[in-house]
Amino acid sequence: MIKICSALAVLALFTLASIAHADGTDWRNHIIPSEERTFDFKTVAKGATPEHQFILKNPFLEPIHIGAITASCVCTTLHFDTEKLVLKTYEEIIITVRLRGDLYDGQRSSTLTVLIDQPSRTEIQLNVRGDIRADLNISPQNVIDFGNVELSQEHARQLTVTYTGRNPQWRLLDALCENNFIRTAVSNETARSGARIFRVDVSIDESAPHGPINSHLILISNDTGARREIPIAVRATVGTVIRVSPPSLFLGVLSPGEASPRRNVMLSGTQPFRIEKIESDNPAIEVFLAADADALPQLRHFIPIAYKNPLEGEGSPENGVMRSAVRITTDVPGLTSMFYVTASIRPEGAE
């Protein structure tokens with residue numbers, strides 16, 4: 001059985017009226033904190049189109065409707081699911097912004113405006129910026145993607161940095177990564193047709209643990225200021241990994257003794273797997289796992305979940321919120337996963 005500390009067991013649900021201050025804007029911080037509304041791509045090589053994701057979540061009982069999402073500069077393009085413009089409780093929308101280094105160069109900035117028109121009208125502004133350099137070319141351009149790699153083996157890739165600027169002293173000095181399992185080495189330069197070319201060897205150490213790698217490689221040049229650092233994304237999936245969608249399943253607002261409808265959680269793996277066991281620390285949570293679900297390994301499993309809220313005085317959740325962990329055990333050694341089931345509890349007699 002799964003043990004959860006009391007701090008995790010309490011998850012507050014609000015109405016907008018309960019948290020809005022006199023200026024009517026503070027509730028936006030619950031959708032996306034102010035410190036997450038700005039992103040700096042720093043130095044971007046010509047031809048590259050790096051991406052960043054802004055995630056907006058609805059922690060309120062009322063649904064949120066997004067009327068429009070726009071960008072102030074044509075140097076950026078936006079991608080989002082148009083089916084997700086109505087966010088119910090605990091739902092989220094991912095806004096991916098791409099900086100168009102393939103079409104533009106120089107210092108660029110763009111403001112993304114998210115117009116919310118229900119339940120209260122307001123705007124949230126997101127900001128990106130970057131320095132697109134015409135004298136730099138990097139291959140691969142946007143990301144070093146190892147894909148799905150085997151556990152306990154070393155895997156290597158190469159990155160080429162070409163400088164075509166007028167500074168004869170320009171050098172690539174180092175390559176650093178925030179992930180301790182990523183190894184790097186910068187080779188000496190070679191010259192070709194007036195360009196200086198540097199090679200960066202990037203490898204995943206054989207001791208890298210099971211799971212995804214989403215990191216950044218920072219190339220360090222002898223430039224000054226912000227131009228000194230050139231970030232490149234590094235991605236990999238080590239071994240078999242399970243992704244859970246949604247990672248937190250909201251089952252609705254329930255009265256004492258009321259049962260929720262069944263709602264599905266999707267488990268997807270990078271390799272086929274079987275589910276051997278699903279456990280919850282809350283006996284009122286029902287998991288409807290088909291009897292033959294473990295007959296053959298599958299890439300995807302759909303698991304129906306439901307919850308019956310106990311009557312008051314019979315173990316009904318405290319603080320008006322139920323939050324419980326559900327743990328999955330598979331037939332792949334060491335491969336487990338977990339997601340949360342939540343519900344808001346309506347006091348007896350409340351409408």
Side-chain angles (χ1 to χ4, degrees), residues 1-5 7-9 36 39 50-53 55 92 94 96 140 142-159 174-186 199-220 229-249 265-281 287 289 293-294 296-301 303 323-341:
M1 301 298 287
I2 304 166
K3 303 296 183 183
I4 307 179
C5 65
L8 286 178
E36 296 179 10
F39 183 79
E51 297 179 348
H52 177 71
Q53 292 184 336
I55 302 177
E92 64 183 33
I94 298 175
T96 301
N142 298 316
V143 59
I144 305 172
D145 194 345
F146 287 83
N148 192 203
V149 299
E150 294 184 21
L151 193 66
S152 303
Q153 292 189 18
E154 183 175 342
H155 303 272
R157 296 286 189 276
Q158 286 187 354
L159 183 76
D174 203 353
L176 308 175
C177 189
E178 57 196 2
N179 188 306
N180 293 331
F181 298 101
I182 302 295
R183 312 297 183 203
T184 62
V186 178
R199 190 184 74 192
V200 182
D201 295 310
V202 184
S203 62
I204 300 176
D205 192 82
E206 62 182 13
S207 63
H210 206 133
I213 293 176
N214 289 293
S215 189
H216 279 86
L217 184 71
I218 305 298
L219 306 179
I220 307 296
E229 298 184 359
I230 309 166
I232 301 291
V234 180
R235 297 175 190 159
T237 301
V238 181
T240 303
V241 173
I242 294 177
R243 296 180 177 88
V244 183
S245 179
S248 183
L249 182 66
V265 168
M266 184 180 74
L267 311 178
S268 58
T270 52
Q271 297 177 13
F273 65 96
R274 287 192 294 265
I275 297 176
E276 293 192 337
K277 185 168 51 176
I278 298 183
E279 298 176 295
S280 171
D281 60 336
V287 179
L289 185 61
D294 61 348
L296 291 173
Q298 300 177 49
L299 278 173
R300 292 181 180 85
H301 298 262
I303 311 298
R323 189 180 195 223
S324 178
V326 177
R327 187 175 182 86
I328 304 111
T329 303
T330 75
D331 63 328
V332 180
L335 180 62
T336 61
S337 189
M338 186 172 68
F339 62 92
Y340 288 95
V341 176

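- With values rounded to the nearest 0.5 angstrom, T336 atom OG1 is found 11.0 Å from K277 atom NZ.
- One distance of note links CD of Q153 with OG of S207; it measures 13.0 Å at 0.5 Å rounding.
- The distance from the NE2 atom of H155 to the CD atom of E150 is 6.0 Å, given to the nearest 0.5 Å.
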Margin query: Quick one, L267 with T330, criterion side-chain contact (heavy atoms from CB on, under 4.5 Å). Give me CA distance, side-chain angles, the key distance, then yes/no.
Written below: CA-CA 11 Å; L267 311 178; T330 75; over 6 Å; no
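- For the pair R235/N214, a side-chain contact is recorded, criterion being any heavy-atom separation below 4.5 Å from C-beta on.
- Here H52 and F39 bring their ring centres to under 6.0 angstrom of each other.
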Checklist line | Worked check of side-chain contact (heavy atoms from CB on, under 4.5 Å) between R157 and D145 | finding: CA-CA 9 Å; R157 296 286 189 276; D145 194 345; over 6 Å; no
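- Residues F146 and A236 come closest through the heavy atom pair CB-CB, 3.7 Å.
- Side chains of T237 and N148: a donor-acceptor N/O pair is absent below 3.5 angstrom, by distance only.
- Using modelled atom types, no side-chain atom of T240 and backbone atom of Q271 make a donor-acceptor pair closer than 3.5 Å.
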Below 3.5 Å, can you tabulate the donor-acceptor pairs from side chains in residues 175-186 to any protein atom, sequence neighbours excluded?
| unit_1 | atom_1 | unit_2 | atom_2 | d |
| --- | --- | --- | --- | --- |
| E178 | OE2 | S215 | OG | 3.2 |
| E178 | OE2 | H216 | N | 3.2 |
| N179 | OD1 | F181 | N | 2.8 |
| R183 | NE | D205 | OD1 | 3.4 |
| R183 | NH1 | N180 | O | 2.7 |
| T184 | OG1 | A175 | O | 2.6 |

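- Summarising the geometry, atom CD1 belonging to I278 is positioned 6.0 Å from atom CD1 belonging to I328; distances are rounded to the nearest 0.5 Å.
- Closest approach of I232 and V143 over heavy atoms only: CG2-CA, 4.4 Å.
- With rounding to the nearest 0.5 angstrom, the CD1 atom of I55 is 8.0 Å from the CD atom of E36.
- Summarising the geometry, atom CD1 belonging to I275 is positioned 8.0 Å from atom CD belonging to Q298; distances are rounded to the nearest 0.5 Å.
- Applying the side chain to side chain contact (heavy atoms under 4.5 Å, CB included) rule to P247 yields no partners; only residues at least two apart in sequence or on another chain are considered.
- Summarising the geometry of L299 relative to F273, their closest heavy-atom pair is O-CE2, 3.9 Å, with the distance given to 0.1 Å.
- S245 places no side-chain N or O within 3.5 Å of a backbone atom of M266 that could act as its donor or acceptor partner.
- Between E229 and I220 the shortest heavy-atom distance is CG-CD1, 4.0 Å.
- Across every non-hydrogen atom of L151 and A208, the tightest pair is CD1-O, 3.7 Å.
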Note to self: What verdict does the side-chain contact (heavy atoms from CB on, under 4.5 Å) test give for L335 and H210, after you've listed the backbone C-alpha separation in whole Å, the side-chain angles of each residue and the deciding distance to 0.1 Å?
What the structure shows: CA-CA 8 Å; L335 180 62; H210 206 133; 3.9 Å; yes
Next item on the list: Apply the test side-chain contact (heavy atoms from CB on, under 4.5 Å) to residues I144 and Q158: give CA-CA distance (whole Å), side-chain angles for both, the deciding distance (0.1 Å), then the verdict.
Entry: CA-CA 8 Å; I144 305 172; Q158 286 187 354; over 6 Å; no
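- Between P231 and I218 the shortest heavy-atom distance is CB-CD1, 3.7 Å.
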